[in-house]
Engineer: 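Before I ask anything, here is the structure I am working with.
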2 protein chains.
Amino acid sequence: MGFAETFKALSDPVRRDILGLLKKERLSAGEIGSHFDMTGATISYHLGILKKAGLVFESREKNFIYYQLNTSVVEEVMLWLSELKGDDSDAEKE
Amino acid sequence: MGFAETFKALSDPVRRDILGLLKKERLSAGEIGSHFDMTGATISYHLGILKKAGLVFESREKNFIYYQLNTSVVEEVMLWLSELKGDDSDAEKE
DNA sequence: TATGTATTTAGAAAATTTTCTAAATACTAT
DNA sequence: ATAGTATTTAGAAAATTTTCTAAATACATA
């Protein structure tokens, strides 16, 4: 997976807003898009990046693709930050 | 400050590596640079971005500028992620 | 003051990212 | 099979980011 991809994904405001929407409930690509003033193609691009970063996953249903937050990857990022801080509640490599 | 700047700063591998170096001790710009295969000017550029994001601060001493990790901003980022996850240990806006 | 070391700033090239339009794919339902 | 809705893919333009070289600034000391 890699933190490079994950932090990169988190670095864009549109993508952070998308994650914020998905905090409450899963949403279809179209529902997500309706919150932004950009084309569906652009939203699809952002969803692809979030998906590659592991921050969301999709489930297909009828004609729709629903996206939902993957909290476990959010947790991994928090762990990285926690280790950076020196919060040594977890293993510290070498 | 803004999460945009902070996540953007965290999104680059060189900058994450710099933060990793600063985890143990404060280092001068030159000492930081010696760990990378890039010019001092480029390192300075990255340090500027980390500084603007609030992730590091500097202290000038003699001829040197020392950089150190600002753990409080790391904590703010963790809080943002924690709220995204729904970890409601802290206030939830509206 | 003159010289040397440490670091940043300026300007430009190369690479990457974000966005759009148009076309393609996928699935539904008539 | 046809038409309609939902979403993605392709290709290109615009914007941003990363890196370099060369020059500038800052400070220290001989």
Side-chain angles (χ1 to χ4, degrees), chain A residues 1-22 25-70 73 77, chain B residues 1-22 25-70 73 77:
Chain A
M1 233 144 286
F3 287 108
E5 266 174 331
T6 310
F7 275 114
K8 207 101 189 159
L10 283 166
S11 77
D12 183 89
V14 172
R15 292 192 290 265
R16 285 197 307 282
D17 287 349
I18 290 176
L19 294 177
L21 290 172
L22 296 180
E25 55 194 339
R26 73 175 199 169
L27 294 170
S28 70
E31 288 169 322
I32 292 168
S34 74
H35 286 83
F36 299 90
D37 186 21
M38 7 178 87
T39 65
T42 297
I43 295 301
S44 181
Y45 161 79
H46 285 298
L47 289 172
I49 286 181
L50 289 170
K51 200 166 53 179
K52 270 195 300 187
L55 284 162
V56 303
F57 48 84
E58 62 182 31
S59 31
R60 290 161 182 267
E61 232 163 274
K62 293 190 59 177
N63 221 2
F64 302 86
I65 305 180
Y66 288 96
Y67 286 90
Q68 64 194 291
L69 190 60
N70 184 0
V73 168
V77 175
Chain B
M1 230 144 289
F3 286 109
E5 268 173 330
T6 310
F7 274 115
K8 206 102 190 159
L10 284 166
S11 78
D12 183 88
V14 172
R15 292 193 290 265
R16 283 197 308 281
D17 287 349
I18 290 175
L19 294 177
L21 290 172
L22 296 180
E25 56 195 339
R26 73 177 199 168
L27 294 170
S28 70
E31 289 169 323
I32 292 168
S34 74
H35 286 83
F36 299 90
D37 187 22
M38 9 178 86
T39 66
T42 297
I43 295 300
S44 182
Y45 161 79
H46 285 299
L47 289 172
I49 286 181
L50 288 170
K51 201 165 53 179
K52 269 195 301 188
L55 284 163
V56 303
F57 48 84
E58 62 183 33
S59 31
R60 288 161 183 269
E61 232 164 275
K62 294 189 60 178
N63 221 2
F64 302 87
I65 305 181
Y66 289 95
Y67 286 90
Q68 64 194 290
L69 189 61
N70 184 359
V73 169
V77 175

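Chain identifiers are assigned alphabetically (A, B, ...) following the order of the sequence lines, protein sequences preceding nucleic acid strands; residue numbering begins at 1 within each chain.
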Engineer: Quick one: label G30(A) by what it contacts on the DNA or RNA (base, sugar-phosphate, nothing), any heavy atom closer than 4.0 Å.
Structural biologist: sugar-phosphate
Engineer: Ignoring the backbone of I65(A), work out which of dT8(D), dT18(D), dC20(C) is nearest its side chain.
Structural biologist: dT8(D)
Engineer: Could you tell me which non-hydrogen atom of L22(B) sits nearest to which non-hydrogen atom of L27(B), and how far apart they are?
Structural biologist: CD2-N, 3.8 Å
Engineer: For the side chain of M38(A), counting heavy atoms from C-beta on, which of dT18(C), dT19(D), dT19(C) is nearest?
Structural biologist: dT19(C)
Engineer: More 5' along DNA chain C: I49(A) or Y66(B), using each one's nearest nucleotide?
Structural biologist: Y66(B)
Engineer: Where the side chain of F64(B) is defined as all heavy atoms beyond and including C-beta, which of dT19(D), dT21(C), dA6(C) is the nearest nucleotide?
Structural biologist: dA6(C)
Engineer: Under 4.0 Å between a side-chain N or O of Y67(B) and OP1 or OP2 of dT8(C)?
Structural biologist: yes
Engineer: Applying the side chain to side chain donor-acceptor pair (under 3.5 Å) test to E58(A), which of K51(A), Q68(A), R26(A) qualifies?
Structural biologist: K51(A)
Engineer: In terms of side-chain heavy atoms of K8(A), which of dT18(C), dT19(D), dT18(D) is nearest?
Structural biologist: dT18(D)
Engineer: Give one of base, sugar-phosphate or nothing for A29(B), where a contact means two heavy atoms less than 4.0 Å apart.
Structural biologist: sugar-phosphate
Engineer: Could one point to a donor on the side chain of N63(B) or the base of dT5(C) with an acceptor on the other under 3.5 Å away?
Structural biologist: yes
Engineer: Which nucleotide, dT8(C), dT17(D), dT17(C), lies nearest any side-chain atom of Y45(A)?
Structural biologist: dT17(C)
Engineer: Would you kindly compare H46(A) and K62(A) by the position of their nearest DNA chain C nucleotide and give the one closer to the 5′ end?
Structural biologist: H46(A)
Engineer: Is there a side-chain polar atom (N or O) of S28(B) under 4.0 Å from OP1 or OP2 of dT7(C)?
Structural biologist: yes
